[in-house]
Amino acid sequence: MENAETAFAKTEPIRLRLFDWWSRYARDLPWRFGRTTPWGVLVSEVMSQQTQMSRVVPYWTAWMKIWPDAASLAAAPKAEVITAWGRLGYPRRALRLQECAQQVAGQYADRLPRDYDQLVALPGIGDYTASAVMSFAYGERIAVIDTNIRRVLSRVFLGHESTGGAASREERQLAWQVLPEDGGPEDIGAEDSGVQEDGGSGRLGLADPKVRLAAWREPPSARWNQAVMELGATVCIARKPACDICPLAGHCRFLKDGLPGLGAGRTRPRQRFAGTDRQVRGAILQALRQASGAPVPRKDLKPLCKDEIRLDRCIASLDEDGLLEIGQDGSLSLPR
DNA sequence: CTCCTGCTGG
DNA sequence: CCAGCGGGAG
């Protein structure tokens with residue numbers, strides 16, 4: 001693609017501006033800047049799938065205090081895992097994360113693999129999460145592709161909105177094309193920098209407020225990935241990008257061209273939520289959490305959903321997902 | 001109404 | 001490739 005050809009030449013001034021912006025405005029999230037283990041990074045990524053990071057922070061902090069590593073999570077009762085997931089949403093993620101923990105504990109001696117293919121083979125870990133762990137936790141040079149990065153790169157370098165659906169081959173090519181090279185003499189590598197190794201007893205996920213950005217140095221590719229994503233999350237947002245405060249405003253082809261088709265080509269339309277099975281499923285699960293693991297008679301759930309057919313369908317789907325158990329008497333409870 | 005660091009099974 | 005999956009905040 002001819003655009004990617006010229007894209008890399010434009011990256012240096014963009015990188016300088018973006019890194020400066022990152023050093024000033026990066027959110028001080030507790031799993032950033034070398035304050036947690038690769039496992040802690042993975043937990044943060046899974047929790048952040050389709051969920052705002054600001055909502056994730058308290059859940060992540062509590063979770064990592066209870067289960068600081070894969071082995072401890074692997075041994076936990078499911079009911080406790082589902083309860084600790086709280087109202088983060090998509091609770092199947094919690095069970096997959098525990099399955100993931102069991103595989104990491106059992107197959108990899110409680111050390112998260114530093115290998116994309118091994119990561120992406122784990123439950124609940126797709127291309128994005130595997131790439132994010134490789135980049136953010138291990139400092140490996142790999143293009144991270146999520147909706148934010150796709151939107152930002154497409155706007156800045158191609159001048160148009162990213163397409164809906166899965167990432168195209170061109171989008172992946174662009175992400176690799178503009179990804180900074182690592183390994184320069186001033187680039188502190190993963191080995192001797194703070195890019196963390198597993199097993200440190202002092203970094204079990206509780207953020208040390210004294211550890212600041214200034215003491216942390218990651219490879220340029222990892223910083224690039226995080227900074228592009230951060231820009232997409234806080235400035236270069238989908239509908240109303242804040243171009244007036246954007247550090248890349250002077251280098252953005254999309255802005256120069258007058259924001260053509262702003263908001264078009266977006267991802268697939270969101271599903272409605274009110275009155276859907278998802279809402280009912282959430283209400284059922286919340287009721288079971290509040291029962292503290294004790295069985296709940298089915299009739300007690302009737303107020304949650306007037307439609308009995310829907311209620312039964314949701315109970316059945318939660319059962320299939322392994323998110324609840326149905327007793328002999330038909331009562332419901334969180335699984336063991 | 002919109003959006004949000006996706007992943008999985010059909 | 002598509003539908004389904006939570007919930008909160010703007």
Side-chain angles (χ1 to χ4, degrees), chain A residues 26-27 29 31-32 41-60 82 85-97 99-100 119-137 142-153 161-169 175 222 224-242 262-264 266-289 304 310 313-314 316-318 320-323:
Chain A
R27 289 170 291 182
L29 301 166
W31 50 83
R32 286 181 171 171
V41 172
L42 175 66
V43 172
S44 79
E45 295 299 333
V46 172
M47 287 183 170
S48 299
Q49 292 166 1
Q50 300 289 282
T51 304
Q52 290 94 325
M53 320 249 320
S54 58
R55 292 184 50 220
V56 167
V57 171
Y59 288 96
W60 183 90
I82 295 168
W85 195 260
R87 304 186 70 93
L88 266 178
Y90 296 127
R92 294 187 297 191
R93 290 184 293 170
L95 295 185
R96 293 199 190 109
L97 183 56
E99 292 172 37
C100 175
L119 287 171
V120 84
L122 293 167
I125 310 302
D127 171 72
Y128 163 73
T129 306
S131 302
V133 169
M134 289 296 286
S135 179
F136 306 160
I142 185 171
V144 176
I145 317 270
D146 80 318
T147 56
N148 285 325
I149 288 183
R150 289 172 60 192
R151 180 174 59 251
V152 172
L153 296 184
E161 296 285 34
S162 63
T163 58
S168 66
R169 189 183 56 78
W224 171 265
N225 284 326
Q226 292 182 91
V228 174
M229 202 177 326
E230 185 86 342
L231 192 72
T234 61
V235 175
C236 191
I237 59 180
R239 294 291 183 157
K240 293 181 183 176
L262 176 64
R266 62 198 179 286
T267 56
R268 72 194 142 119
R270 289 288 123 182
Q271 304 171 248
R272 295 284 73 81
F273 178 61
T276 63
D277 285 8
R278 282 189 307 165
Q279 183 181 38
V280 176
R281 282 168 53 104
I284 294 170
L285 222 47
Q286 184 60 14
L288 298 187
R289 285 194 204 94
L304 301 178
R310 181 187 295 278
R313 183 171 67 240
C314 290
S317 72
L318 286 168
E320 289 178 24
D321 288 343
L323 286 164

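Letters A, B, ... mirror the listed sequences (proteins, then strands); counts begin at 1. Here the structure is a predicted model, which is why all the values come from computation and not from measurement.
- For A:Gln49, counting side-chain heavy atoms from C-beta on, the closest listed nucleotide (B:dC3, C:dG6, B:dG6) is B:dG6.
- Within the structure, every side-chain polar atom (N or O) of A:Thr51 is placed at least 4.0 Å from both OP1 and OP2 of C:dG6.
- Comparing B:dC4, B:dG6, C:dG4 by their closest approach to the side chain of A:Thr129 singles out B:dG6.
- Taking side-chain N and O atoms only, A:Ser48 has no distance below 4.0 Å to OP1 or OP2 of B:dG6.
- At a threshold of 4.5 Å between non-hydrogen side-chain atoms, the residues A:Tyr90 and A:Gln50 count as touching.
- A sub-4.0 Å separation between OP1 or OP2 of B:dC7 and a side-chain N or O of A:Arg93 is absent.
- Atom CD1 in A:Ile82 sits 8.5 Å away from atom CG in A:Leu288 (nearest 0.5 Å).
- Both A:Ser54 and A:Leu323 lie close to DNA chain C; mapped to their nearest nucleotides by heavy-atom distance, the more 5′-ward contact belongs to A:Leu323.
- For the pair A:Glu320 CD and B:dG9 C1', the interatomic distance rounds to 12 Å; values are reported in whole Å.
- The residue A:Glu230 sits apart from the nucleic acid: no heavy atom pair falls under 4.0 Å.
- Side-chain atoms of A:Tyr90 lie closest to C:dC5 of the nucleotides B:dC4, C:dC5, B:dG6.
- Contact between the side-chain N/O atoms of A:Arg55 and the OP1/OP2 oxygens of C:dG10 is not found at any separation under 4.0 Å.
- Put simply, A:Gln52 has no side-chain N or O that comes within less than 4.0 Å of OP1 or OP2 on B:dC4.
- Rounding to whole angstrom units, CD of residue A:Gln279 and P of C:dG7 are separated by 9 Å.
- Following rounding to the nearest Å, A:Arg278 (CZ) and B:dG6 (P) show an atom-to-atom distance of 14 Å.
- Proximity of A:Val46 to A:Cys100: side-chain heavy atoms (C-beta onward) are nowhere separated by under 4.5 Å.
- Computed from coordinates, the A:Leu288 CG to C:dG6 C1' distance equals 15 Å when rounded to whole Å.
- The side chain of A:Arg87 contributes an N or O atom lying less than 4.0 Å from OP1 or OP2 of C:dG8.
- In this structure, of B:dC4, C:dC5, C:dG6, it is C:dC5 that holds the atom nearest to the side chain of A:Arg92.
- Contacts of A:Asp127 with the nucleic acid, taken as non-hydrogen atoms under 4.0 Å apart, involve only primed sugar atoms and P, OP1 or OP2.
- In this structure, of C:dG6, C:dC5, B:dC3, it is B:dC3 that holds the atom nearest to the side chain of A:Arg239.
- In this structure, the side chain of A:Arg55 engages the main chain of A:Arg87 through a donor-acceptor pair within 3.5 Å.
- A:Arg93 places a side-chain N or O within 3.5 Å of a backbone atom of A:Leu88 that can act as its donor or acceptor partner.
- Annotation: the span from A:Leu29 atom CG to A:Ser44 atom OG amounts to 8.5 Å, rounded to 0.5 Å.
- Map A:Arg96 and A:Glu45 each onto its nearest nucleotide of DNA chain B; the residue landing nearer the 5' end is A:Glu45.
- For the pair A:Met47 CE and C:dG7 P, the interatomic distance rounds to 15 Å; values are reported in whole Å.
- Positionally, the nearest nucleotide of DNA chain C for A:Ala166 lies more toward the 5' end than for the other of A:Ala283 and A:Ala166.
- Note: CG (A:Leu122) to C1' (B:dT8) measures 15 Å, nearest angstrom.
- Distance CG (A:Leu262) to C1' (B:dC3): 14 Å, rounded to an integer number of Å.
- Rounded to whole angstrom, the span from the CG atom of A:Leu285 across to the P atom of C:dG6 amounts to 8 Å.
- C:dG8 and B:dC7 are spaced 23 Å apart, taking the P atom of each and rounding to whole Å.
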